[in-house]
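Letters A, B, ... are given to chains in the order of the sequence lines, protein chains preceding strands, and every chain is numbered from 1. Computed from heavy atoms alone, side chains included, the values below leave out hydrogens, waters and symmetry copies.
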2 protein chains.
Amino acid sequence: MSISSRFAVGIHILTLIEFNKDGITSSEFLASSVNTNPAVIRKLMGMLKKAGLIEVHPGIAGAKLTMKLSDITLFDVYKAVNVVQDKELFSIHENPQLNCPVGRNIQNTIEPIFATAQGAMEKVLKNVTLEDVMNDIVAGENIG
Amino acid sequence: MSISSRFAVGIHILTLIEFNKDGITSSEFLASSVNTNPAVIRKLMGMLKKAGLIEVHPGIAGAKLTMKLSDITLFDVYKAVNVVQDKELFSIHENPQLNCPVGRNIQNTIEPIFATAQGAMEKVLKNVTLEDVMNDIVAGENIG
DNA sequence: AAACTTGTAACTAAATTAATTACATGATAT
DNA sequence: ATATCATGTAATTAATTTAGTTACAAGTTT
């Protein structure tokens with residue numbers, strides 16, 4: 001099991017929009033960099049737009065960021081593309097046997113632990129902005 | 001997307017083995033508490049056995065823990081049941097366009113961030129033992 | 001030998017992902 | 001105004017994963 005690559009692609013889209021900010025960033029242009037189908041990109045653009053991260057208009061070519069890179073965290077992207085629901089990174093088996101002490105308590109016992117673990121992961125994402133990502137990409141260019 | 005419930009079921013199995021330590025904890029008994037099929041349980045028992053957490057023998061009914069609950073962390077269970085591979089909680093799109101500065105750097109940039117996020121989640125699991133889980137189950141019994 | 005258990009393989013149904021195709025709708029330039 | 005190009009979105013597909021189910025071989029005990 002893995003968290004959908006929609007998340008990674010969402011990051012790719014947003015950083016590329018910024019990278020190409022003086023040009024026109026169409027779904028086809030993005031699709032070529034990501035190496036996927038433009039319709040896949042447009043679906044993701046719809047999610048990013050709904051989350052208020054980008055501005056796109058029907059019929060008008062190109063997407064623009066609505067904020068500075070430094071104001072967008074990876075958590076924002078993660079939520080926007082809907083890869084993991086709240087408290088549902090881990091799934092818990094349904095309908096355990098209530099006649100059993102373990103069965104009738106396991107869900108309540110485990111759920112908060114899972115929520116804490118998920119929260120710790122998400123906290124890392126909250127502490128990284130797209131500006132950090134962009135800086136790393138630029139550094140990769142200079143070194144490589 | 002969600003991490004397989006094998007993890008939660010694995011925790012259920014181990015705590016129930018302990019809870020029933022003076023009796024015989026067969027796959028059928030476990031299956032009834034978890035509310036699933038005995039073959040599902042046996043498959044999980046195989047994984048827990050392979051990880052050295054339990055002792056089971058062909059033809060002999062019942063499983064036993066090989067360690068104290070306080071020596072088994074949730075991370076041990078998580079690894080045993082193989083729900084998430086190393087560095088693969090998040091997936092990254094393959095084959096981005098190398099002619100693009102973002103495309104050729106995105107993987108290297110994102111991977112360590114994702115690894116850090118996964119690591120933070122796993123660290124929480126390392127800090128909870130099955131003894132903690134058991135205590136919470138017992139507490140749930142006394143209060144509920 | 002009969003009864004019971006674990007170990008395992010094969011098959012199924014359901015869910016999710018990513019890709020693909022197609023087309024309606026909106027905007028623009030000639 | 002109409003041809004052209006972009007976005008928005010729905011329908012379909014193939015691949016993967018999960019959990020459940022059935023079946024049976026192999027080991028153990030009485």
Side-chain angles (χ1 to χ4, degrees), chain A residues 1-10 12-13 17 20 23-51 53-64 78 81-85 88-96, chain B residues 1-10 12-13 17 20 23-51 53-64 78 81-85 88-96:
Chain A
M1 189 289 323
S2 257
I3 289 174
S4 163
S5 67
R6 281 201 305 276
F7 183 24
V9 174
H12 189 142
I13 289 173
I17 289 173
N20 189 43
I24 292 174
T25 310
S26 66
S27 64
E28 192 166 351
F29 176 80
L30 287 164
S32 130
S33 173
V34 170
N35 193 27
T36 185
N37 193 291
V40 170
I41 297 292
R42 289 201 288 273
K43 192 167 186 178
L44 279 169
M45 289 199 316
M47 293 181 175
L48 297 171
K49 177 186 186 178
K50 192 173 168 189
L53 300 179
I54 66 175
E55 207 175 312
V56 215
H57 303 281
I60 304 181
K64 295 289 181 186
Y78 163 93
V81 301
N82 219 32
V83 283
V84 177
Q85 304 303 312
E88 292 188 4
L89 174 60
F90 298 90
S91 53
I92 304 181
H93 51 298
E94 314 265 306
N95 310 314
Chain B
M1 190 289 326
S2 255
I3 290 173
S4 163
S5 68
R6 282 202 303 275
F7 183 25
V9 173
H12 189 143
I13 289 172
I17 289 173
N20 190 42
I24 292 173
T25 309
S26 66
S27 63
E28 192 166 352
F29 176 79
L30 287 164
S32 131
S33 173
V34 170
N35 193 26
T36 185
N37 193 292
V40 171
I41 297 293
R42 289 201 290 273
K43 191 166 186 178
L44 279 169
M45 289 199 316
M47 293 180 176
L48 297 171
K49 177 185 187 177
K50 191 172 171 190
L53 301 179
I54 65 175
E55 206 174 312
V56 215
H57 302 281
I60 304 180
K64 296 288 180 186
Y78 163 94
V81 300
N82 219 33
V83 283
V84 177
Q85 304 303 312
E88 292 187 4
L89 174 59
F90 298 89
S91 53
I92 303 182
H93 52 296
E94 313 264 308
N95 311 315

Subject >> Donor on one side chain, acceptor on other, A:His12 and A:Ser33, under 3.5 Å >> reply: yes
Original post:
Just wondering, do B:Met47 and B:Arg6 contact through their side chains at under 4.5 Å, heavy atoms?
Top reply: yes
Original post:
At their closest point, which heavy atom of A:Val56 faces which heavy atom of A:Gly62, and how far apart are they?
Top reply: CG1-O, 3.9 Å
Original post:
Want to settle it: does B:Val40 or B:Asn82 sit nearer the 5' end of DNA chain D, counting the closest nucleotide to each?
Top reply: B:Asn82
Under 3.5 Å, which protein N or O atoms sit close to an N or O of nucleotides 3-8 of chain D? Give each pair with its distance.
unit_1: D:dT7; atom_1: OP1; unit_2: A:Ser27; atom_2: N; d: 3.3
unit_1: D:dT7; atom_1: OP1; unit_2: A:Gly62; atom_2: N; d: 3.3
unit_1: D:dT7; atom_1: OP2; unit_2: A:Ser27; atom_2: N; d: 3.3
unit_1: D:dT7; atom_1: OP2; unit_2: A:Ser27; atom_2: OG; d: 2.7
unit_1: D:dT7; atom_1: O4'; unit_2: A:Gly59; atom_2: N; d: 3.4
unit_1: D:dG8; atom_1: OP1; unit_2: A:Lys49; atom_2: NZ; d: 3.0
unit_1: D:dG8; atom_1: N7; unit_2: A:Arg42; atom_2: NE; d: 2.9
unit_1: D:dG8; atom_1: O6; unit_2: A:Arg42; atom_2: NH2; d: 3.0

Subject >> Side chain to side chain, B:Ile3 and B:Leu89, heavy atoms closer than 4.5 Å >> reply: yes
Subject >> Closest contact, heavy atoms only, B:Ala63 versus B:Ile54 >> reply: CB-CD1, 4.3 Å
Original post:
Rounding to a whole Å, what distance do you find between A:Asn95:CG and D:dG20:P?
Top reply: 10 Å
Original post:
How do B:Ser91 and B:Lys43 order along DNA chain C: which one's closest nucleotide is nearer the 5' end?
Top reply: B:Lys43
**OP:** Heavy atoms of chain B, cut-off under 4.0 Å: which first and last nucleotide of DNA chain C, 5' to 3', fall inside that, if you could look?
**Re:** C:dT5 to C:dT17
Original post:
D:dA19, D:dG20, D:dA10: which one has an atom nearest the side-chain heavy atoms of B:Ser5?
Top reply: D:dA19
Original post:
With sequence neighbours left out, what residues match A:Glu55 under side chain to side chain donor-acceptor pair (under 3.5 Å)?
Top reply: A:His57
Subject >> Minimum heavy-atom distance B:Val84-B:Tyr78, with the two atoms named >> reply: CB-OH, 3.3 Å
Original post:
Hey, are the side chains of A:Val34 and B:His93 touching, using non-hydrogen atoms and a 4.5 Å cut-off?
Top reply: yes
Subject >> Spacing of B:Ile3 atom CD1 relative to D:dT17 atom P, expressed in whole Å >> reply: 15 Å
